[in-house]
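Step one of this worksheet: look at the structure below.
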Amino acid sequence: ALVKFGSTSNNLSFLLLLRFLIASLLFLPVSVVIWKKIKKSDVPLLITISLTLGANFYFQGLAMQDLPASWYVVIFSLNPIFALIGLKTKLTRKLIANVLLMFFGTLLFIDFQQVISNHLSISLLYVFIGMLTWVLYTFLLARIQNKLSDIESTGLTQQLALIACLLIWLIQGFPIGLSEQQIPSVIVLGLLTPAAYFLFSYCLRRAPTFGVLSQYLEPVFGVLIGFVFLN
């Protein structure tokens with residue numbers, strides 16, 4: 001909701017850059033500890049994580065600007081299904097039934113008339129890329145958790161995302177500028193999203209199935225936040 005409210009296609013990369021700059025500054029006290037634990041053999045993994053995060057945030061941001069919230073929610077709800085398979089979670093009948101119930105429940109959020117009346121194919125592709133890259137991040141996070149604590153892995157995530165968003169910003173030609181309306185969105189994103197990543201890492205380590213499936217609560221909170229803040 002904050003990304004949709006706080007950016008346009010012209011300044012999305014600048015918003016992402018500021019967002020992760022703020023988030024990365026929060027983890028300066030543990031940065032030395034984080035990078036001491038990183039070895040040369042970890043560099044390919046870190047590059048992959050950085051590219052994955054950059055693609056995830058940038059394409060999600062592009063999708064959110066044009067896509068009806070209902071479709072964004074539904075396509076992104078495929079994420080837990082792929083994540084559970086990739087994490088080699090035992091697919092019991094009860095779990096499969098719950099996943100199907102959650103997925104088809106999200107279809108209730110679709111306004112089919114709105115989708116049919118708009119040409120949204122490119123935006124649908126963007127959100128699908130966002131969904132797949134989030135699944136990939138879930139796998140990669142599980143790997144770095146072997147070396148880092150949840151706070152450390154969260155800090156590393158913010159810093160790698162900052163590097164990726166800096167590259168996107170440079171490639172796009174150094175766009176700058178946010179309106180007074182957009183500045184609060186950047187600040188709140190920078191301060192709050194690290195908490196979300198920490199909690200996701202915490203759940204993924206201790207209760208991976210719950211950590212993944214809890215994302216099906218996003219439509220509920222998404223609609224509520226959209227109603228209250230985005231009219």
[Y] side chain reached by [X] side chain, heavy atoms, under 4.5 Å:
X      : Y      : value
Asn56  : Tyr137 : no
Leu189 : Leu16  : no
Ile168 : Phe57  : no
Val33  : Glu152 : yes
Leu17  : Leu21  : no
Leu156 : Phe27  : no

Residue pair Val127, Met131: steps toward the side chain to side chain contact (heavy atoms under 4.5 Å, CB included) verdict: CA-CA 6 Å; Val127 73; Met131 182 271 294; 5.8 Å; no
If you take all heavy atoms of [X] and [Y], which pair is closest and at what distance?
X      : Y      : value
Ser41  : Pro44  : O-CD, 3.5 Å
Leu148 : Ile34  : CD2-O, 4.2 Å
Ala23  : Gln158 : CB-OE1, 3.5 Å
Gly130 : Gln60  : CA-CG, 4.0 Å

Hydrophobic clustering (ILVMFWY, side-chain heavy atoms < 4.5 Å, transitive) - are [Y] and [X] grouped together?
X      : Y      : result
Phe174 : Leu162 : yes
Leu136 : Leu132 : yes
Ile129 : Leu51  : no
Ile47  : Leu140 : no
Ile183 : Ile176 : yes

Any donor-acceptor N/O pair, Ser201 side chain to Thr154 backbone, under 3.5 Å: no
Sidechain-backbone polar pair: Arg19 side chain, Ile187 backbone, donor-acceptor under 3.5 Å: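 Judged by distance alone, no pair lies under 3.5 Å.
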Flag if over 12 foreign heavy atoms under 6.0 Å of CG, Leu26: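 More than 12 heavy atoms, drawn from other residues, nucleotides or ligands, come within 6.0 Å of this atom.
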Residue Phe198 excluded, over 12 heavy atoms near CZ under 6.0 Å: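 Check passes, neighbour count above 12.
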Trp134 vs Tyr197, ring pair (Phe, Tyr, Trp, His ring centres under 6.0 Å): CA-CA, chis, key distance, verdict: CA-CA 12 Å; Trp134 179 256; Tyr197 276 86; 5.7 Å; yes
Audit row: Phe20, Ile163, side chain to side chain contact (heavy atoms under 4.5 Å, CB included) steps and yes/no: CA-CA 9 Å; Phe20 288 108; Ile163 294 171; over 6 Å; no
From CA spacing to verdict: salt bridge (charged side-chain N to carboxylate O under 4.0 Å, His left out), Asp42, Lys37: CA-CA 10 Å; Asp42 297 321; Lys37 293 183 178 181; over 6 Å; no
Row check, Tyr202 ring normal vs Arg206 NZ/CZ: under 6.0 Å, within 45°: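 Cation-pi check for Arg206 and Tyr202: passes.
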Thr133 side chain to Thr52 side chain, donor-acceptor N/O pair below 3.5 angstrom: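 Short answer, no.
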